[in-house]
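To find a chain, count down the sequence lines: A is the first, B the second, and so on, and within it residues start at 1. Reckoned from all heavy atoms, side chains included, excluding hydrogens, waters and symmetry mates.
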2 protein chains.
Amino acid sequence: MQSYTEENYLKIIYHLAEKTTNVQTNAIAEQMQTKPASVTDMIKKLADKGLVDYIKYQGVTLTETGKNAAIDIVRKHRLWEVFLVDKLNFKWDEVHDVAEELEHIKSTELIERLDEFLGFPKADPHGDPIPDKNGRFAKTQFIKLIELKVGDTGTITGVSQHSSAFLKHLEKLGLTLGIPIKISDITDFDGSVEIQLADKQVNISREVAKHILISSNGKN
Amino acid sequence: MQSYTEENYLKIIYHLAEKTTNVQTNAIAEQMQTKPASVTDMIKKLADKGLVDYIKYQGVTLTETGKNAAIDIVRKHRLWEVFLVDKLNFKWDEVHDVAEELEHIKSTELIERLDEFLGFPKADPHGDPIPDKNGRFAKTQFIKLIELKVGDTGTITGVSQHSSAFLKHLEKLGLTLGIPIKISDITDFDGSVEIQLADKQVNISREVAKHILISSNGKN
DNA sequence: AAAAATTTTTAGATTTACCTAAAAATTAAA
DNA sequence: TTTAATTTTTAGGTAAATCTAAAAATTTTT
């Protein structure tokens with residue numbers, strides 16, 4: 001059994017490992033909003049518990065056990081997010097912080113019943129996949145909107161930024177999950193992207209375009 | 001803002017204060033499953049924070065602020081219990097431990113939306129009243145079953161013991177909330193109570209009878 | 001490949017909530 | 001009302017997770 005803090009470390013290492021193979025101390029420190037020295041301490045502890053593999057100065061990787069524990073926390077986080085949005089009418093930009101707390105409630109029974117109550121959802125309100133109780137989930141085949149070319153079409157199925165500011169911005173533009181889009185132009189001047197929606201045309205910066213995930217329905 | 005542990009102390013002091021006016025160190029230690037010395041430390045801290053009034057060797061009482069904080073935790077605990085039973089189909093004897101954790105989730109928004117989602121329930125699965133968001137709730141007018149006389153009738157509306165063993169026992173006997181009862185006999189030998197239910201007759205020990213709460217519909 | 005910059009670790013402290021053992025105060029009993 | 005029993009507090013310490021400052025290792029730059 002892991003402590004609240006240990007769980008957070010595992011979760012963050014898991015997310016960082018999605019991008020880079022061996023996760024660095026400084027990166028963890030930044031995510032955990034703590035100091036590198038503290039991270040080193042905790043990493044040693046996690047290594048002693050067999051949750052991470054650790055070689056001094058070489059960063060960490062999750063062991064099988066550690067990865068399973070991390071996936072379990074991610075599963076809880078995402079299920080709670082679905083609960084907050086589907087049942088309690090939270091907006092997708094309001095759920096993150098509360099889910100950060102709820103994900104640490106320790107009860108397998110609770111989370112299995114919640115999963116059932118929610119109808120075994122496959123994705124959370126931001127389009128991220130929800131692992132099943134065995135930790136399995138489909139590797140999602142997303143393309144970043146910014147990688148699309150003029151004329152390409154697709155559907156918004158995820159975001160890679162969960163900040164409230166970003167999500168509110170998308171909401172205001174009408175760029176929410178499930179919305180079909182077509183790239184109508186990419187501005188020469190600043191590379192901003194002109195998008196055709198069902199009923200209107202919107203323009204987004206490259207920075208925004210980086211964090212919108214599209215399930216492509218092929219080139220046009 | 002209180003820590004997880006401070007919240008538990010406040011809650012326990014609140015519950016103990018329902019029985020005795022000034023709450024003793026040893027009683028708190030027992031409930032908190034800790035040592036009296038630790039309680040003294042924490043009490044000082046709570047006193048510094050203005051949550052309790054404390055005179056050495058004389059026990060503690062909650063201040064207005066402390067009481068409000070405690071009631072807020074009780075409110076959360078009971079709402080989560082309703083959620084677990086009504087929405088996730090937990091049994092009334094299975095909810096206590098999980099609710100102990102959930103009660104510490106810090107989000108006013110969450111709890112107000114949960115309250116609404118549940119239809120603003122007035123009592124939890126054990127019949128305990130749920131404070132509204134202003135901390136107000138009806139002082140319940142329960143009578144202990146053991147205080148009833150032969151021929152008295154009433155309805156089971158609460159329990160004063162939340163252990164799984166006790167609740168399972170009641171369940172098996174058919175003594176659940178809302179069940180109308182009539183005292184048909186009180187055994188001379190051991191004082192055990194013979195109860196007439198709609199469809200059957202059951203016998204319970206005095207110890208069990210102490211912890212069943214009845215809303216009386218008057219003498220017979 | 002040496003110097004500079006960056007990253008990571010060590011060493012030594014701090015805070016929170018807890019502990020044991022012993023002292024002090026209160027309450028109950030003789 | 002003195003003694004005994006109980007309750008509570010104090011004193012000094014521990015473990016978890018953090019910190020700062022300085023040392024060590026690694027990486028990058030020149």
Side-chain angles (χ1 to χ4, degrees), chain A residues 1-17 19-62 66 69-70 73 100-101 103-104 106, chain B residues 1-17 19-62 66 69-70 73 100-101 103-104 106:
Chain A
M1 195 89 300
Q2 288 87 46
S3 76
Y4 190 97
T5 310
E6 286 166 359
E7 288 191 348
N8 279 330
Y9 271 90
L10 291 175
K11 181 186 60 173
I12 276 166
I13 294 168
Y14 175 79
H15 286 311
L16 288 169
K19 293 172 185 173
T20 52
T21 325
N22 77 322
V23 179
Q24 310 206 109
T25 304
N26 271 358
I28 299 171
E30 194 191 343
Q31 293 293 312
M32 283 293 297
Q33 312 221 67
T34 186
K35 298 293 143 83
S38 310
V39 174
T40 303
D41 286 349
M42 180 55 87
I43 282 172
K44 283 181 187 163
K45 193 176 165 191
L46 294 175
D48 286 346
K49 288 193 171 190
L51 296 164
V52 299
D53 289 320
Y54 167 57
I55 306 165
K56 266 189 193 176
Y57 293 99
Q58 301 306 130
V60 283
T61 50
L62 292 170
I73 299 157
E100 284 296 90
E101 285 194 63
E103 72 190 8
H104 299 290
K106 290 185 194 336
Chain B
M1 195 89 300
Q2 289 89 45
S3 74
Y4 190 98
T5 311
E6 285 166 358
E7 287 191 348
N8 279 329
Y9 271 90
L10 291 175
K11 182 185 60 172
I12 277 166
I13 294 168
Y14 175 80
H15 286 311
L16 288 170
K19 293 174 186 173
T20 52
T21 326
N22 77 322
V23 179
Q24 310 206 107
T25 304
N26 272 357
I28 299 171
E30 193 191 346
Q31 293 293 312
M32 283 294 297
Q33 312 222 65
T34 186
K35 297 293 141 85
S38 309
V39 173
T40 303
D41 285 349
M42 179 55 87
I43 283 171
K44 283 181 185 164
K45 192 177 167 193
L46 294 175
D48 286 347
K49 287 193 170 190
L51 296 164
V52 300
D53 289 320
Y54 167 57
I55 306 165
K56 267 188 193 175
Y57 293 97
Q58 301 306 130
V60 283
T61 51
L62 292 169
I73 299 157
E100 282 300 87
E101 286 194 62
E103 73 190 7
H104 299 290
K106 291 187 194 329

Under 4.0 Å between a side-chain N or O of [X] and OP1 or OP2 of [N]?
{"X": "Tyr54(B)", "N": "dT8(D)", "answer": "no"}
{"X": "Thr34(A)", "N": "dC19(D)", "answer": "yes"}
{"X": "Asn26(B)", "N": "dT6(D)", "answer": "no"}
{"X": "Lys56(A)", "N": "dT7(C)", "answer": "no"}
{"X": "Thr40(A)", "N": "dT8(C)", "answer": "no"}
{"X": "Gln24(B)", "N": "dT8(D)", "answer": "yes"}
{"X": "Lys35(A)", "N": "dT20(D)", "answer": "yes"}
{"X": "Tyr57(A)", "N": "dA23(D)", "answer": "no"}

Separation of [X] atom [atom1] from [N] atom [atom2], in whole Å?
{"X": "Glu30(A)", "N": "dT6(C)", "atom1": "CD", "atom2": "P", "answer": "15 Å"}
{"X": "Ile28(A)", "N": "dT7(C)", "atom1": "CD1", "atom2": "P", "answer": "14 Å"}
{"X": "Asn22(A)", "N": "dT26(D)", "atom1": "CG", "atom2": "C1'", "answer": "13 Å"}
{"X": "Leu46(B)", "N": "dT16(C)", "atom1": "CG", "atom2": "C1'", "answer": "13 Å"}
{"X": "Lys44(A)", "N": "dA11(C)", "atom1": "NZ", "atom2": "C1'", "answer": "10 Å"}
{"X": "Gln58(B)", "N": "dT26(C)", "atom1": "CD", "atom2": "C1'", "answer": "8 Å"}
{"X": "Ile55(B)", "N": "dT9(D)", "atom1": "CD1", "atom2": "P", "answer": "11 Å"}
{"X": "Asp41(B)", "N": "dT15(C)", "atom1": "CG", "atom2": "P", "answer": "15 Å"}

message = Would you compute the distance between atom CD of Gln2(B) and atom NZ of Lys106(B) and round it to the nearest 0.5 angstrom?
response =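 That separation rounds to 7.0 Å.
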
ask   = In Å, rounded to the nearest 0.5 Å, how long is the span from CG of Asn8(B) to CD of Glu103(B)?
value =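 If I round to the nearest 0.5 Å, the distance is 6.0 Å.
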
ask   = Under 4.0 angstrom, heavy atoms only, what part of the nucleic acid is Tyr4(A) near: base, sugar-phosphate, or nothing?
value =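 It contacts nothing in the nucleic acid.
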
task = Indicate, with a heavy-atom threshold strictly under 4.0 Å, whether Thr25(B) touches base, sugar-phosphate, or nothing.
result =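 If one applies the 4.0 Å heavy-atom cut-off, Thr25(B) turns out to touch the sugar-phosphate alone, with no base involved.
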
inquiry  = Does Lys56(A) have more than 12 heavy atoms from other residues, nucleotides or ligands lying within 6.0 Å of its NZ?
reply    =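 12 or below, so no.
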
request  = Count the heavy atoms belonging to other residues, nucleotides or ligands that lie under 6.0 Å from CD of Glu30(A), then report whether that count exceeds 12.
outcome  =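 Counting neighbours around CD of Glu30(A), 12 or fewer heavy atoms of other residues, nucleotides or ligands fall under 6.0 Å, so no.
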
task = Would you mind telling me which residue lines up with the more 5' stretch of DNA chain D, Tyr9(A) or Ser38(B), judged by nearest nucleotide?
result =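 Looking at DNA chain D, the more 5' nearest nucleotide goes with Ser38(B).
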
ask   = Does dT30(D) have a Watson-Crick or wobble mate here (both distances under 3.5 Å), and if so which one?
value =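 Pair assignment: dT30(D) / dA1(C).
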
key: Identified side chain to side chain contact (heavy atoms under 4.5 Å, CB included) counterpart of Ile43(B) within the set Asp48(B), Leu51(B), Thr25(B)   =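 So the option named by the test is Thr25(B).
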
